[in-house]
Amino acid sequence: MWFKKSMGALVALGLVLAACTSPSASTEPSGSAQPSVSQAPPAEQVLRVDIGNEPPSLDPTQATDSASIQVLRSTTYPLAYFDGDLNVVPGLADDWDVSADGTEITFRLGAHKYSNGEDIVAEDFVYSWQRLADPREAAGYSYVLADVVGYDDISAIDTATATDAEIDAALLTLGVSAPDSSTFVVKLKHAASYFVYIATLWVTVPQKAGMTWGEADGYVSSGPMIMTEWNHNSNIVLEPNTEWGGDPVTIARIELSMIDDPAASLAAYEADELDIGAVPTQEIGRIQDDPQLSGEVLEGAVLSIY
């Protein structure tokens, strides 16, 4: 099983759960140099994690649940992201400017590619954000664009009576634009100092028309990992995206199990079938009293609202 120190290899899975891992019984790997993006990680670097259940959707526009978001945090990447102290830091955007009156944010993209080798350009964010606002998509998190110019009128459209042409025309009024391939501009109805946090969400990641989200075959990633297997109601396998241009990926594979029973998840962990598993409430006392398991519990804050 994996040691605690190996958790540093998990670059973007975004897991937030009370969990167990193996006791530290070795030192860090020797050598300080990290592999470049083109270098393959050691074959034994595999992390086995239980995400609890089948992701209902890995379409970033449609995902609303924690299982889907855990996967998307590895396979997609937004304009901005969070560091370990929850500060907003550059993601696919190298930097951004806010206008003096606070109503316009200009993001400047770095040079990044999708897993299929295509360039990620500002027009992809225009498409993605328009798709999020599109009432025909009925996206559960479309309201995060409520501060954007034009969103209110778009969200008020009655899809039962409006034609596709009318809706398409309305989407062009959404306050997002791409003056060039590396510049994405968002216009807000009013100053909203928190809006850069919106740009960290999984629903705001870049997309191109024609992308599909239903299976591993043909799934295109913008993040550090790609999905190589999706065995429904069983497991998902993630491997490094060789086109990823961010911080190097230092893990060979992430295996995500879908065990919807916390007791079964813990049993799989204790049987050395998982490296991270859920801790059922009724087992907390036993684990706290166990001299080995008590040292394997990982506790942390969750950035979420209920």
- Query: Quick one: are the ring centres of Tyr143 and Tyr141 less than 6.0 Å apart?
  - Reply: yes

- Task: Would you confirm whether Ser57, through its side chain, and Asp59, through its main-chain N or O, come within 3.5 Å as a donor-acceptor pair?
- Result: yes

- Message: Could you tell me if Gln45 and Thr250 have a donor-acceptor pair between their side chains, going purely by distance under 3.5 Å?
- Response: no

- Message: If only side-chain N and O atoms count, and only distance matters, is there a donor-acceptor pair under 3.5 Å linking Thr106 with Asp97?
- Response: no

- Query: Do Tyr127 and Leu174 share a hydrophobic cluster (ILVMFWY, side-chain heavy atoms under 4.5 Å, transitive)?
  - Reply: no

- Heavy-atom pair with the smallest gap, counting every atom of Pro60 and Leu72: CA-CD1, 3.9 Å

- Could you grab the distance from atom CG of Leu109 to atom CG of Leu92, nearest 0.5 Å is fine? 6.5 Å

- Sorted by chain and residue number, the salt bridge (charged side-chain N to carboxylate O under 4.0 Å, His left out) partners of Asp83 (sequence neighbours excluded) come out as none

- Query: Side chain of Gln62, backbone of Glu137: donor and acceptor closer than 3.5 Å?
  - Reply: yes

- Here the side chain to side chain donor-acceptor pair (under 3.5 Å) pairs for residues 191-202, sequence neighbours left out, are Asp147-Tyr194

- Message: Run the side chain to side chain donor-acceptor pair (under 3.5 Å) test against Asp65 and tell me which residues pass, sequence neighbours left out.
- Response: Ser68

- Query: According to a 4.5 Å side-chain heavy-atom criterion applied to Ile, Leu, Val, Met, Phe, Trp and Tyr, with indirect links allowed, do Phe184 and Ile105 form part of one hydrophobic cluster?
  - Reply: yes

- Message: Any donor-acceptor pair under 3.5 Å linking the side-chain atoms of Glu118 with those of Asn116?
- Response: yes

